Amino acid sequence: MADSSIEKDIVSKLVELCRGYDIEDSSVILEIPKIREYGELSCNIALTSARATGMKPVEFAERLAEQFPTSIDGVEEVTVAGPGFLNFRLSPEYLQRLMKNIAADPEHFGSSDEGQGERWLFEFVSANPTGPLNVVSARAASVGDTLVRVFKKRGYDAQSEYYVNDGGNQIRLLGASVRARIENVEIPEGGYHGEYLLEYAERFVQYWEQSHSSTNYPDDDGVLGRYIADMILGEQEKTLEGFKVKFDLWFRESSLYDEAVKGVISKLRQRNQVYSQDGALYFKASEFGDGEDRVIETSKGAYTYVVPDSAYHLNKYDRGFQRAVNLLGPDHHGHIRSLTAALRALEMPEDFFRPILVQQVNLKRGGEEIRMSKRAGVGITLDELIEEVGVDAARYFFLMRKVSSHLDFDMDLARKHTDENPVYYVQYAYARIRSILRQPGAEKVPHLRDADLDCLNTPEELDLMKSMARFPWTLASIVRSVEPHPLTNFLTDLARSFHVFYSRHRVISDDVGTTSARLVLCIAVAGVLMEGMELMGVTAPVEPM
RNA sequence: GCCCCCGUAGCUCAGCAGGAUAGAGCGACGGAUUCCUAAUCCGUAGGUCACGUGUUCGAAUCACGUCGGGGGUACCA
């Protein structure tokens, strides 16, 4: 039993007790109290259902508390507090047992089958193959990858996907821009000015002359662009791998041409949701929640992004996914409405498409904000960020804030190896445990599995165990909100609980019983820290820091 | 003009499926090391939750409005 299901037990008991009143089962919800003194879990059902019961909240809460079986395993005490909260305190025996289970099988702690194999597709990064990845992509990569890891742990069939935008005319523009670099002429209107293209131009020339023994480069900008785009994609993939992000599939927009794309147009046509105007084809987006109708085929005969994007989402649906989470950069937020409108017109289920806007990142160095412009090719790339602050700090920092909030990224802080830096605070807790386990005294204690954990009952030990008990609940809330940042708060809390414990108690002492019990505790803490860091893609330091 | 995000302690932010005295980190100030890493710990100070109105028994949390900050608004993707 790695998955703590005590909350399920409590909920089902409460649901039972609420029978007979006009209360929905689903409104019986447990939460983690704001203040630890209140207990480990709390329920506000008496408050929310005051009207349905006709009783005062406190009255109803007291009745529930009275009727709550004292025998339920793991719950030491149920109390009524404040305006009518029910607070549950876990018993030390339960926590001690939990520690043993965690220590025996740390990887499974926090795992759950609540997802029931539901198929979720997480699309993220999906940067244009026209240059190196920037920091917004980096943030999306951290968030998306961690979400996939957490969802998998919670029993979902979660997959990650990178949508390669290689279908539009930007590939042609890319080709034209590189040609301009090769021929040393002016970069065309709307082309890419980034200095990095010079390097790609050189690499391409070298490659072409070697493999074709000729300086006759492809005449077609699209063909040339494709070569360059593939080179850039290769670099992006390498960068992401270095960032510990690996996609299950790199899906090419070009694979949707022409069949799938034309299919979208004809479906919309069939449903009478398009019209021609000024030589262009419009989709009646305003009838499906968009602010205005959208051009889907330009007067020059090209499709606008809505068409291939719709085709792509139909494709996701046809592949059997039940949810399509899409992490979009702040510059794409205008597209959400029209794409949503199109999917609605195409009769996709309402809850299928789940766009999430990943807000911008403000990099700061020396107290100054570093401005960036993708088109001009200036700013900090993901490679440079990794180089400067490391993968661990970068991933951790990107996960510290709500996805929907702008993120201030203090590069000086991320680089610091001091207590100001939360990454090291967490890693240090882990390193300290490793250090304890390396002590000669640790090996002398036999039969860890048979250790008697009754003696783990000091305030610091109880607090530490309670911290760990929150791990599954934290993961559940991440799934519910599709928002990974609670993980960093959880790990900081757990690390703090450990540091406090560590500073007040010795693990290895002459008392064999205590030593043995505390070693089990330490092994459990290390396991949870490791598991949490693993979910974030942060390294758990094996060597002394 | 329209759309999105944000406005909570000096700074960076949690809390927002409405509910308990509004929490944390950093910074400031004052302490702690014979012993498993002081990259640690303990204590103190610090808040009209931008403002207004409304809904409610109850609002930091919901609605509307105002002010302020950031970003986006192509027959490019």
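In this text, all values refer to a predicted model and were calculated from it rather than measured experimentally. Just so it is clear: chains get the letters A, B, ... in the order the sequence lines come, proteins before strands, and each one is counted from 1.
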Take atom [atom1] in [N] and the same atom in [M], then report the distance between them in whole Å.
N	M	atom1	answer
B:G46	B:U8	C1'	13 Å
B:A24	B:G18	P	24 Å
B:A60	B:A50	P	10 Å
B:G1	B:A22	P	39 Å
B:C41	B:U53	C1'	48 Å
B:C67	B:C11	C1'	23 Å

Looking across every strand, which nucleic acid part, if any, lies under 4.0 Å from [X] by heavy atom: base, sugar-phosphate, or nothing?
X	answer
A:K402	base
A:S404	sugar-phosphate
A:E292	nothing
A:A50	nothing
A:P57	nothing
A:D309	nothing
A:D410	nothing

Between [Y] and [X], is there a salt bridge with N-O shorter than 4.0 Å?
X	Y	answer
A:D412	A:R365	no
A:E461	A:R518	yes
A:D290	A:R294	yes
A:R252	A:D166	yes

| Does a side-chain heavy-atom distance below 4.5 Å link A:I296 with A:Y303? |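 No, side chains not in contact.
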
| Side chain proximity check, A:L437 to A:L519, heavy atoms < 4.5 angstrom | yes

Separation of [N] [atom2] from [X] [atom1] (nearest whole Å):
X	N	atom1	atom2	value
A:E297	B:C76	CD	P	12 Å
A:H485	B:A14	NE2	C1'	6 Å
A:L491	B:A24	CG	P	18 Å
A:N44	B:U56	CG	C1'	16 Å
A:E31	B:A20	CD	P	10 Å

| request: Please lay out, stage by stage, how A:R344 and A:E350 fare under the test salt bridge (Lys or Arg N to Asp or Glu O under 4.0 Å). | output: CA-CA 7 Å; A:R344 203 169 277 157; A:E350 275 299 310; 2.9 Å; yes

| note | Per-nucleotide protein contact along nucleotides 58-65 of chain B, 5' to 3', at a 4.0 Å heavy-atom cut-off (B base, S sugar-phosphate only, - neither), is --B-----

| remark: Given protein heavy atoms under 4.0 Å, the one-letter contact record of nucleotides 38-49 of chain B, with B base, S sugar-phosphate only and - none, is simply SBSSS-------

| task | Could you say whether A:Y38 or A:L357 is positioned toward the 5' end of RNA chain B, judged by the nucleotide with the nearest heavy atom to each? | result |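 The answer here is A:L357.
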
| said: Quick check on RNA chain B: between A:R506 and A:Y282, whose nearest nucleotide comes earlier from the 5' end? | reply: A:R506

| task | Kindly determine whether A:F85 and A:Y38 satisfy ring pair (Phe, Tyr, Trp, His ring centres under 6.0 Å), including the steps that lead there. | result | CA-CA 10 Å; A:F85 284 98; A:Y38 294 154; 7.6 Å; no

| said: Show me the dot-bracket string of RNA chain B, counting Watson-Crick or G-U pairs under 3.5 Å, with | for pairs to another strand and [ ] for crossing ones. | reply: (((((((..((((.....[...)))).(((((.......))))).....(((((..]....))))))))))))....

| A:D463 and A:R36: CA distance, side-chain angles, deciding distance, side-chain contact (heavy atoms from CB on, under 4.5 Å) verdict | CA-CA 9 Å; A:D463 182 68; A:R36 283 184 172 225; 2.4 Å; yes

| query | Distance check: side-chain N/O of A:S405 vs OP1/OP2 of B:A14, anything under 4.0 Å? | reply |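 For B:A14, OP1 or OP2 has a side-chain N or O of A:S405 closer than 4.0 Å.
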
| message | Between the base of B:A24 and the side chain of A:N489, is one N or O donor paired with an acceptor at under 3.5 angstrom? | response | no

| query | Below 3.5 Å, does any donor atom in the side chain of A:H406 face an acceptor in the base of B:C6, or the other way round? | reply | no

